[in-house]
Amino acid sequence: MILVTGGAGFIGANFVLDWLKGSDEPVLNVDKLTYAGNLGTLKSLKDDTRHVFARADICDREAIDALLEQHKPRAILHFAAESHVDRSIHGPAEFVQTNVVGTFILLEAARMYWSKLPEDEKQAFRFLHVSTDEVYGSLSSTDPQFSETTPYAPNSPYSATKAGSDHLVRAYHHTYGLPVLTTNCSNNYGPYQFPEKLIPLMIANALNGKPLPVYGDGQNVRDWLYVGDHCSAIREVLARGALGETYNVGGWNEKKNLEVVHTLCDLLDKAKPKSSGSYRDQITYVKDRPGHDRRYAIDARKLERELGWKPAETFDTGLAKTVQWYLDNQAWADEVASGDYRRWVETNYAQRA
Ligand code: NAD
Ligand code: DAU
């Protein structure tokens, strides 16, 4: 069996669903169920004995030790994190706790567990750490894309804590020989993404007749990857990645935020036209994110060269699928946009007016 942390969140849940579509190897899904975790995403697995869910905090060493002892996974895939940059600006403490302390505790538990495995299982064991391109900082419009050797320069509390976790993972390989792998991925989008992030937020606000809040001048660039492609990259790295190595994962899809919002509006204008005008009319410019990174871009050639991975979706195909998914699953989006989410919207957007 494999152990996945954060498997009730956006990417973790997509990974679990994809994994069990292609394999009968069971998944132990360890998630604290913060505001970002949602078991509704996994309801198709309700009666599936291949999916074992355990509500636990990765900072709880006893709980993690007990789960490892009981289920004896052959690999840990570590997705759990506080993941939203704006929230890290409002409340960094949770980010230090989960992303740094939590990763440390998980590494310690993994090291103890791994060190006692029989030699063949020890050889086969893997700890795969899911990280982000934000650890590399911000690019100008003419800088080359981030490669695996770009120096770390995190700018937000979120990216600083992810960078800290990456360093710990690296050190556990270098010092203790723990068989680790790290992936640093660009911006994901797709089904089941919490509507605090750009793409699902814009879709939800558009459909609810609310303003589409573009930060600053809307010219910041992100490199977008369909979540299913991120999942396939992680499967490849788990299966064939070289121990101790990091792999950058990206979609070769650099887009300015405003371009993304325009494309979303155009897709919605076709799929669900308004009685008059375009969804573009709802676009508003709001106060910028403090320390807003200007551009992210990933050079994913190492992953292609060494493991033969390439994204299957283009931005056009992935975004069209995503818009259709949100149109077909408005109940899911309404459910996650609960009281707590409304309080967050107040906190983040009231001050941007
Ligand atoms: P998410 O916020 O949607 O989900 C995070 C999940 O982790 C939730 O289910 C939450 O309940 C769980 N969690 C949080 N704290 C926990 C704790 N202390 N113990 C156990 N579970 C806990 O995040 P996501 O967008 O799915 O991101 C998953 C991972 O991928 C993160 O590590 C993130 O840094 C990384 N990543 C995300 C993106 C992106 O665009 N979303 C891109 C690159 C890398
Ligand atoms: O690059 C990978 C990272 O991508 C991940 O590590 C993070 O977990 C993930 O949240 C994402 O970070 P970003 O900050 O890039 O994503 P977000 O969706 O929050 O914002 C994308 C861009 O859109 C960013 O330039 C800010 C802008 N934005 C965002 C929101 C929520 C807006 O203009 N308006 C908004 O309301």
Side-chain angles (χ1 to χ4, degrees), residues 4-15 29-39 41-42 54-60 63-64 77-89 94-95 97-99 101-103 105-106 129-136 138 146 156 158-159 161-162 165-166 183-190 192-202 205 211-225 227 230 234 249-250 255-258 260-261 283-289 292-298 336 344-345 348-349 352:
V4 165
T5 70
F10 163 50
I11 304 173
N14 273 284
F15 183 85
N29 184 349
V30 180
D31 196 298
K32 181 181 172 184
L33 295 182
T34 67
Y35 78 91
N38 184 357
L39 285 182
T41 304
L42 298 163
R55 185 172 192 176
D57 187 333
I58 54 165
C59 299
D60 181 346
I64 302 298
L77 288 88
H78 179 31
F79 295 83
E82 288 293 334
S83 70
H84 189 33
V85 174
D86 292 318
R87 285 190 193 247
S88 83
I89 295 167
E94 272 305 306
F95 286 71
Q97 185 61 19
T98 285
N99 299 359
V101 178
T103 301
I105 289 169
L106 193 65
H129 177 56
V130 179
S131 193
T132 171
D133 60 357
E134 299 200 12
V135 297
Y136 299 121
S138 183
F146 300 132
S156 71
Y158 164 68
S159 53
T161 57
K162 289 298 289 188
S165 67
D166 292 10
T183 53
N184 292 90
C185 188
S186 61
N187 285 62
N188 284 216
Y189 67 98
Y192 303 113
Q193 187 168 28
F194 196 75
E196 64 189 356
K197 308 281 166 62
L198 180 76
I199 288 178
L201 179 119
M202 292 296 170
N205 281 18
L212 307 182
V214 172
Y215 294 172
D217 61 5
Q219 299 302 301
N220 301 66
V221 173
R222 296 293 182 265
D223 182 349
W224 294 95
L225 181 70
V227 65
H230 189 185
I234 290 171
V249 189
K255 303 280 174 205
K256 292 181 174 139
N257 291 340
L258 196 57
V260 173
V261 177
I283 293 173
T284 55
Y285 290 89
V286 299
K287 205 164 146 204
D288 209 352
R289 171 185 282 175
H292 197 175
D293 285 338
R294 195 63 174 166
R295 172 176 167 242
Y296 303 143
I298 279 280
V336 299
W344 163 249
V345 169
N348 191 40
Y349 294 95
R352 292 186 191 276

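Just so it is clear, the model here is predicted, and its values are computed rather than measured. Read the numbers this way: they start at 1 and go in the same order the structure lists the ligands and their atoms.
The shortest separation from a heavy atom of Tyr158 to ligand 1 is under 4.0 Å, placing the residue in contact. Ligand 1 lies less than 4.0 angstrom from a heavy atom belonging to Phe79. Residue Gly102 places no heavy atom under 4.0 Å from ligand 1.
Close N/O approach between Ala80 and ligand 1 is not found [any backbone or side-chain N/O within under 3.5 Å]. Looking at Glu196 next to ligand 2, no N or O pair under 3.5 Å apart turns up. Considering backbone and side-chain atoms together, Cys185 places no N or O closer than 3.5 Å to any N or O of ligand 1. For a threshold of 3.5 Å applied to N or O pairs, the pair formed by Lys32 and ligand 1 contains at least one separation below that value. Checked against a 3.5 angstrom limit, the closest N/O atoms of Asn188 and ligand 1 fall inside it. Among the atoms of Asp31, some N or O lies under 3.5 angstrom from an N or O of ligand 1. The shortest N/O to N/O separation between Asn257 and ligand 2 falls below 3.5 Å. Residue Asn187 has no N or O atom closer than 3.5 Å to an N or O atom of ligand 1. Close N/O approach between Tyr296 and ligand 2 is not found [any backbone or side-chain N/O within under 3.5 Å]. When only interatomic distances are considered, the shortest N/O to N/O separation between Asn38 and ligand 1 does not fall below 3.5 Å. Checking only distances, Val85 never comes within under 3.5 Å of ligand 2, N or O to N or O.
Tyr296 and Glu134 share a donor-acceptor pair across their side chains, judged by distance under 3.5 Å alone. Under 3.5 Å, the side chains of Asn188 and Asn14 contain no donor-acceptor pair of N or O atoms.
Contact annotation for His78 and ligand 1: no heavy atom of the residue comes within less than 4.0 Å of the ligand. Looking at Thr5 against ligand 1, nothing comes within 4.0 Å, counting heavy atoms. No part of Lys162 comes within 4.0 Å of ligand 2, judged by heavy-atom distances. At a 4.0 Å heavy-atom cut-off, ligand 2 touches Ser186 through the backbone alone. Contacts with ligand 2 closer than 4.0 Å are made by heavy atoms of both the backbone and the side chain of Leu198. At a heavy-atom distance under 4.0 Å, no atom of Asp293 approaches ligand 2. Neither the backbone nor the side chain of Tyr35 comes within 4.0 Å of ligand 1, counting heavy atoms alone. If you look at Lys197 next to ligand 2, the close heavy atoms, those under 4.0 Å, come from the backbone and the side chain alike.
Looking only at heavy atoms of the protein, atom 15 (N) of ligand 1 is closest to Thr98 CG2, 3.5 Å. Closest to atom 1 (P) of ligand 1 among all protein heavy atoms lies Ser83 OG, 3.5 Å. Of the protein's heavy atoms, Ser83 O, 3.4 Å lies nearest to atom 7 (C) of ligand 2. Residue, atom and distance of the protein heavy atom nearest to atom 12 (O) of ligand 2 are Glu134 OE2, 2.7 Å. Atom 29 (C) of ligand 2 has as its closest protein heavy atom Tyr215 CE1, 3.6 Å. Distance from atom 4 (O) of ligand 1 to its nearest protein heavy atom, with residue and atom name: Gly9 CA, 3.4 Å. Nearest protein heavy-atom neighbour of atom 26 (C) of ligand 2: His292 NE2, 3.4 Å. Regarding atom 25 (O) of ligand 1, its nearest protein heavy-atom neighbour is Phe10 CD2, 3.7 Å. In terms of protein heavy-atom proximity, atom 16 (O) of ligand 2 is nearest to Asn187 ND2, 3.4 Å. Counting only heavy atoms of the protein, atom 34 (N) of ligand 2 lies nearest to Pro213 O, 2.8 Å. Of the protein's non-hydrogen atoms, Ile11 CD1, 3.6 Å is the one closest to atom 41 (N) of ligand 1. Among all non-hydrogen protein atoms, the one lying nearest atom 19 (N) of ligand 1 is Ile58 N, 3.0 Å. Looking from atom 5 (C) of ligand 1 to the surrounding protein, the closest heavy atom is Ala81 O, 3.4 Å.
Heavy-atom proximity to Ser186, at under 4.0 Å, picks out these atoms of ligand 1: 42 (C), 43 (C). Heavy-atom contacts of Ser131 reach the following atoms of ligand 1: 43 (C), 44 (C) (cutoff under 4.0 Å). Contact atoms of ligand 1 toward Val130: 30 (O), 32 (O) (distance under 4.0 Å to a heavy atom of the residue). Of all atoms in ligand 1, listed by their number and element, those nearer than 4.0 Å to a heavy atom of Asp57 are 17 (C), 18 (N), 19 (N). Near Lys162, meaning under 4.0 Å from any of its heavy atoms, are these atoms of ligand 1: 31 (C), 32 (O), 33 (C), 34 (O). Contact atoms of ligand 1 toward Thr34: 10 (C), 11 (O), 14 (C), 15 (N) (distance under 4.0 Å to a heavy atom of the residue). Against a heavy-atom cut-off of under 4.0 Å, Ala56 is close to the following atoms of ligand 1: 19 (N), 20 (C). Close approach of ligand 1 to Gly37 (heavy-atom distance below 4.0 Å) involves ligand atoms 8 (C), 9 (O), 11 (O).
Between Lys162 and Asp133 there is no salt bridge, since no side-chain nitrogen of the basic residue lies less than 4.0 Å from a carboxylate oxygen of the acidic one. The pair Glu196-Arg87 meets the salt-bridge criterion, since a charged nitrogen lies less than 4.0 angstrom from a carboxylate oxygen.
When all heavy atoms of Leu42 and Gly7 are compared, the closest pair comes out as CD1-O, 3.4 Å. Nearest approach of Thr103 to Ile58, heavy atoms of both residues: N-CD1, 4.0 Å. Listed here is the closest heavy atom pair of Lys287 and Tyr215: O-CD2, 4.2 Å.
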Exercise for the section: Dump the intermediate steps for side-chain contact (heavy atoms from CB on, under 4.5 Å) on Cys185 and Leu225, then the final yes or no. Expected result: CA-CA 8 Å; Cys185 188; Leu225 181 70; 3.6 Å; yes
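Nearest to atom 17 (P) of ligand 2 by heavy atom, out of Arg352, Arg289, Met202, is Arg289.
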